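These figures come from a predicted structure and were not determined experimentally.
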Amino acid sequence: MSSYYGELCTKLYEIDKSIAAGKELEFYLSFVDRSNPRFRVLEPMCGNGRMLIPFMQNDIAIDGFDISEDMLQACRAKGERLNLTPQVSLQKIEEFVSPNRYDLIMIPFGSFSLLPDELVGPSLANMKAVLADGGKMLLTTMMKYDGIVEIPDWQESSRKDVDDGCMVTYRKVQYDQERAMLLTQLKYEFVRNDQVIQTERMDFPLRLYEFGEFEGVLEANGFQHVLHDVKDGYGAGTSFHVFECQPVRT
């Protein structure tokens with residue numbers, strides 16, 4: 001049975017991607033109006049709180065939600081260790097409703113590409129509905145790239161020491177050209193003394209966008225945008241693009 005960001009996956013994610021820092025964090029923090037004591041932030045698909053927790057450490061009011069309870073538990077536990085209480089809940093972005101209004105909505109780290117095309121419109125509409133007047137949404141997507149390699153059979157992709165054992169990750173990869181979806185199946189095995197103690201599988205689909213394609217998606221859903229290039233955003237020599245979006249005024 002496949003789980004979505006289950007216990008083993010979350011444990012690995014915490015090792016590699018626990019807390020946002022550096023230029024990535026600085027970029028998102030730069031959109032916070034610290035002169036406004038009522039400024040409020042929403043992070044959909046917040047996962048383990050890698051961005052949400054640093055925002056809380058900067059005394060910024062922020063709510064988050066995700067569809068993985070294991071990830072949310074990791075977020076809460078991390079907050080507890082730092083004497084913080086994350087305001088997070090189990091929800092889907094395509095079904096999200098709230099009486100609150102937010103000055104900033106952020107979906108970093110390419111998480112929006114986890115949504116297939118049929119969920120993009122409803123999700124953007126839900127985000128538009130909870131934006132405060134003058135509010136902005138920041139989001140990133142995954143871009144299509146040359147040299148996509150399909151892997152038809154299980155192939156080991158990583159091996160990491162975890163607790164008193166080892167976590168081995170295997171993957172299969174298929175590219176659905178018609179839907180522009182990179183479909184990755186992941187298998188995690190927790191191994192101790194050469195014995196497999198626990199196994200977990202996850203389907204990890206990513207919608208890959210052509211250059212200029214997502215701009216059209218935003219326009220079709222009533223958003224105007226500015227595109228930012230954040231150099232060295234994930235570390236030296238890396239970069240990523242962020243869409244700064246606002247509803248089109250009518």
Side-chain angles (χ1 to χ4, degrees), residues 5 13-14 16-68 71-72 74-76 78-79 82 84-89 91 93 96 98 100-115 123-124 126-128 130-143 206 209 214-215 217-218 223-247:
Y5 282 102
Y13 201 92
E14 270 293 283
D16 292 334
K17 308 175 185 72
S18 181
I19 291 287
K23 292 191 175 181
E24 180 193 17
L25 178 60
E26 291 170 7
F27 174 82
Y28 287 98
L29 286 174
S30 71
F31 285 86
V32 175
D33 180 2
R34 295 180 182 271
S35 68
N36 179 2
R38 297 185 177 181
F39 195 92
R40 195 164 187 174
V41 181
L42 174 68
E43 186 182 3
M45 311 170 87
C46 66
N48 66 339
R50 64 177 295 275
M51 188 68 72
L52 185 144
I53 294 293
F55 265 61
M56 293 185 70
Q57 290 175 307
N58 279 271
D59 297 320
I60 297 164
I62 181 169
D63 300 330
F65 66 86
D66 200 89
I67 66 171
S68 168
M71 280 291 215
L72 293 176
C75 178
R76 295 186 189 104
K78 188 157 42 188
L82 296 167
L84 300 170
T85 306
Q87 301 301 307
V88 294
S89 59
Q91 297 194 62
I93 187 172
F96 181 77
S98 174
N100 300 321
R101 293 295 177 266
Y102 296 93
D103 302 285
L104 178 65
I105 297 174
M106 57 180 185
I107 310 176
F109 217 49
S111 295
F112 199 81
S113 273
L114 290 167
L115 300 175
S123 299
L124 290 176
N126 291 344
M127 295 302 96
K128 187 190 297 185
V130 296
L131 268 177
D133 290 342
K136 295 182 177 181
M137 178 174 64
L138 305 173
L139 61 81
T140 61
T141 59
M142 302 297 291
M143 302 298 295
L206 280 177
Y209 290 91
F214 195 68
E215 288 86 335
V217 172
L218 290 171
F223 284 94
Q224 57 190 2
H225 71 275
V226 175
L227 186 60
H228 298 272
D229 182 19
V230 184
K231 296 188 181 301
D232 300 322
Y234 298 140
T238 67
S239 66
F240 61 89
H241 293 96
V242 181
F243 294 94
E244 175 190 342
C245 315
Q246 286 186 291

Distance-minimising heavy-atom pair for Gly49 and Pro54: O-CD, 3.7 Å
Closest approach of Cys75 to Leu52 (non-hydrogen atoms, all atoms of both residues): SG-CD2, 4.1 Å
Closest contact, heavy atoms only, Ile53 versus Pro86: CD1-CG, 3.8 Å
More than 12 heavy atoms of other groups within 6.0 Å of Asp133 CG: no
Criterion side-chain contact (heavy atoms from CB on, under 4.5 Å) on Phe243 and Thr141, from CA distance to verdict: CA-CA 9 Å; Phe243 294 94; Thr141 59; 3.8 Å; yes
Any side-chain heavy-atom pair of Ile93 and Met127 under 4.5 Å: yes
Ring center gap for Phe109 and Phe240 short of 6.0 angstrom: no
Closest contact, heavy atoms only, Arg34 versus Ile60: NH2-CD1, 4.1 Å
Proximity of Phe112 and Phe214 rings by center, below 6.0 Å: yes
Pairwise distance OG(Ser123) to NZ(Lys128) - rounded to 0.5 angstrom: 13.0 Å
Option among Lys136, Gln224, His225 that satisfies the side chain to side chain donor-acceptor pair (under 3.5 Å) test with Glu244: Lys136
Interatomic spacing from CD in Gln87 to CG in Leu42 - rounded to 0.5 Å: 12.5 Å
Minimum heavy-atom distance between Asp229 and Ser239, given as atom pair plus value: OD1-CB, 3.7 Å
Intermediate values then yes/no, side-chain contact (heavy atoms from CB on, under 4.5 Å), Met106 and Phe55: CA-CA 11 Å; Met106 57 180 185; Phe55 265 61; 3.7 Å; yes
Salt bridge flag under 4.0 Å for residues Arg40 and Asp63: yes
Check against side-chain contact (heavy atoms from CB on, under 4.5 Å), Leu131 and Gln246: CA-CA 9 Å; Leu131 268 177; Gln246 286 186 291; over 6 Å; no
More than 12 heavy atoms of other groups within 6.0 Å of Lys17 NZ: yes
Geometric class of the Phe31/His228 ring pair [parallel <30°, tilted 30-60°, perpendicular >60°]: perpendicular
side-chain contact (heavy atoms from CB on, under 4.5 Å) assessment of Leu227 paired with Glu215: CA-CA 9 Å; Leu227 186 60; Glu215 288 86 335; 4.0 Å; yes
For the student: nearest non-hydrogen atoms of Ala61 and Phe39, plus distance: CB-O, 3.8 Å
